[in-house]
Chemist: 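Structure provided below as structure tokens; questions to follow.
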Amino acid sequence: RGHAWIRAALARAEHQRRTAPPEPVWRIPLQIELPAVGVSWHVSARETGGPQVTVHTTGLDRLELAGRICEAQGCRAALARWLVRQAHTHLLPQLQAVSRQTGLRYTRVSVRRQKTRWGSCSRAGAVSLNARLLFLPPHLVAYVLVHELCHTVELSHATAFWRLVQRHCPDYGRRRIELR
């Protein structure tokens, strides 16, 4: 009886694999918009003999990918590194400003590209921010910064934590729903 269930499950999985739509082909974006900081860039690409793809700013609103741009993985990695640099440039000063405004102190900050979290805070007060915050509107970024800084005082999502968040972001409930 158990074998029949396993065979049926494997058959369903194989059917889903065969009938699933193909992965979309990744292409270099023509434009990158970062609503969190109100900037956008027109993107161009230039194939060069370089071993690695790099991203260069060629003007106030222009980015150029250069290198082996025929390799999607290299282009994606270069853009990911560029996004993390942008996050360091823009999000860290915002976190410092919110920390000063709220009086909530952190010990250090890092920027990563997490898949499931906008940010996190350790027991030691180390804040980690997701570089993808740059793709959100400013009011949602502000909420995430307040949320993580409140974790420097209250680690859990208990009532005291949400009271603290509300003190610094009165409409946090609306922003929290919008963020989801």
Side-chain angles (χ1 to χ4, degrees), residues 26 28-45 52-66 73-157 160-180:
W26 185 84
I28 295 171
L30 298 175
Q31 187 169 356
I32 297 175
E33 294 185 35
L34 303 180
V37 291
V39 293
S40 76
W41 284 269
H42 298 283
V43 181
S44 62
Q52 183 177 350
V53 179
T54 57
V55 179
H56 305 280
T57 305
T58 60
L60 287 177
D61 65 346
R62 304 236 175 251
L63 289 180
E64 180 183 73
L65 275 75
Q73 186 175 354
C75 291
R76 290 172 76 135
L79 287 170
R81 290 189 303 271
W82 173 82
L83 184 67
V84 169
R85 288 192 308 270
Q86 292 300 307
H88 276 276
T89 299
H90 297 288
L91 295 178
L92 274 52
Q94 287 183 30
L95 183 67
Q96 290 170 345
V98 173
S99 175
R100 278 192 306 275
Q101 290 165 1
T102 60
L104 300 167
R105 303 285 177 239
Y106 58 96
T107 57
R108 66 180 189 273
V109 64
S110 62
V111 175
R112 291 186 247 167
R113 292 177 35 252
Q114 300 100 315
K115 292 205 185 297
T116 60
R117 293 179 177 215
W118 291 114
S120 61
C121 182
S122 74
R123 258 184 215 290
V127 172
S128 177
L129 299 175
N130 191 328
R132 292 178 176 100
L133 284 166
L134 293 171
F135 294 113
L136 296 178
H139 70 283
L140 294 182
V141 175
Y143 162 70
V144 170
L145 299 180
V146 166
H147 182 110
E148 296 312 330
L149 287 171
C150 287
H151 278 309
T152 63
V153 176
E154 296 286 341
L155 275 175
S156 74
H157 287 110
F161 169 79
W162 291 112
R163 273 196 221 113
L164 185 59
V165 171
Q166 186 171 29
R167 183 178 341 146
H168 298 293
C169 185
D171 67 341
Y172 83 91
R174 181 183 58 76
R175 293 184 196 203
R176 184 175 178 218
I177 290 167
E178 190 177 345
L179 187 60
R180 288 184 183 169

Chemist: Measure across His151 and Glu154 and return the closest heavy-atom pair with its distance rounded to 0.1 Å.
Modeler: ND1-O, 3.0 Å
Chemist: For the residue pair Ser122 and Leu155, what are the closest heavy atoms and their distance?
Modeler: O-CD2, 3.9 Å
Chemist: Taking all non-hydrogen atoms of both residues, which atom of Ser156 and which atom of Phe161 are closest, and how far apart?
Modeler: O-CB, 3.1 Å
Chemist: Could you pull out all donor-acceptor pairs under 3.5 Å where a side-chain atom in residues 171-180 meets a protein atom, sequence neighbours excluded?
Modeler:
unit_1 : atom_1 : unit_2 : atom_2 : d
Asp171 : OD1    : Arg175 : NE     : 2.8
Asp171 : OD1    : Arg175 : NH2    : 3.4
Asp171 : OD2    : Arg174 : NH2    : 2.5
Asp171 : OD2    : Arg175 : NE     : 3.4
Arg174 : NH1    : Glu178 : OE1    : 3.4
Arg175 : NH1    : His139 : O      : 2.8
Glu178 : OE1    : His139 : NE2    : 3.0
Glu178 : OE2    : His139 : NE2    : 3.2

Chemist: Identify every side-chain donor-acceptor pair in residues 80-88 under 3.5 Å, counting partners at least two apart or on other chains, and give the distances.
Modeler:
unit_1 : atom_1 : unit_2 : atom_2 : d
Arg81  : NH2    : Val53  : O      : 2.9
Gln86  : OE1    : His90  : NE2    : 3.3

Chemist: To the nearest 0.5 Å, tell me how far Leu145 CG sits from Cys169 SG.
Modeler: 10.5 Å
Chemist: Would you give me the side-chain donor-acceptor pairs under 3.5 Å for residues 123-136, sequence neighbours excluded?
Modeler:
unit_1 : atom_1 : unit_2 : atom_2 : d
Ser128 : OG     : Arg112 : NE     : 3.3
Ser128 : OG     : Arg112 : NH2    : 3.2
Ser128 : OG     : Gln114 : NE2    : 3.2
Asn130 : OD1    : Arg132 : N      : 2.9
Asn130 : ND2    : Gln114 : O      : 2.8
Asn130 : ND2    : Arg117 : O      : 2.7
Arg132 : NH1    : Arg113 : O      : 3.1
Arg132 : NH1    : Gln114 : O      : 2.9

Chemist: Roughly how far apart are His42 NE2 and Ile32 CD1, rounded to 0.5 Å?
Modeler: 11.5 Å
Chemist: Between CD of Gln96 and CD of Gln101, what distance do you get to the nearest 0.5 Å?
Modeler: 12.0 Å
Chemist: Which of parallel (below 30°), tilted (30 to 60°) and perpendicular (above 60°) describes Trp162 and His157?
Modeler: parallel
Chemist: Output the distance between atom CD1 (Ile28) and atom CG (Leu63), rounded to the nearest 0.5 Å.
Modeler: 11.5 Å
Chemist: Decide if atom CD of Gln73 counts as having more than 12 heavy atoms of other residues, nucleotides or ligands within a radius under 6.0 Å.
Modeler: no
Chemist: Apply the side-chain contact (heavy atoms from CB on, under 4.5 Å) test between Thr152 and each candidate in Thr107, Leu164, Leu104; give the one that qualifies.
Modeler: Leu104
Chemist: Restricting to non-hydrogen atoms, name the atom on Pro29 and the atom on Val43 that form the minimum distance, rounded to 0.1 Å.
Modeler: O-CB, 3.1 Å
Chemist: Can you see which heavy atom on Gln94 is nearest to which on Val141, and at what distance?
Modeler: OE1-CG1, 3.5 Å
Chemist: If we only count heavy atoms from C-beta on, is the Val111 to Leu91 side-chain gap below 4.5 Å?
Modeler: no
Chemist: Let's go through Leu60 and Val39 carefully: what are the C-alpha distance in whole Å and the side-chain angles of both, what is the deciding distance for side-chain contact (heavy atoms from CB on, under 4.5 Å) to 0.1 Å, and is it a yes or a no?
Modeler: CA-CA 9 Å; Leu60 287 177; Val39 293; over 6 Å; no
Chemist: Taking all atoms of both residues into account, what is the closest heavy-atom pair of Pro138 and Ala36, and its distance?
Modeler: CG-O, 3.7 Å
Chemist: Hey, what do you get for CD (Glu148) to OG (Ser99), rounding to the nearest 0.5 Å?
Modeler: 13.0 Å
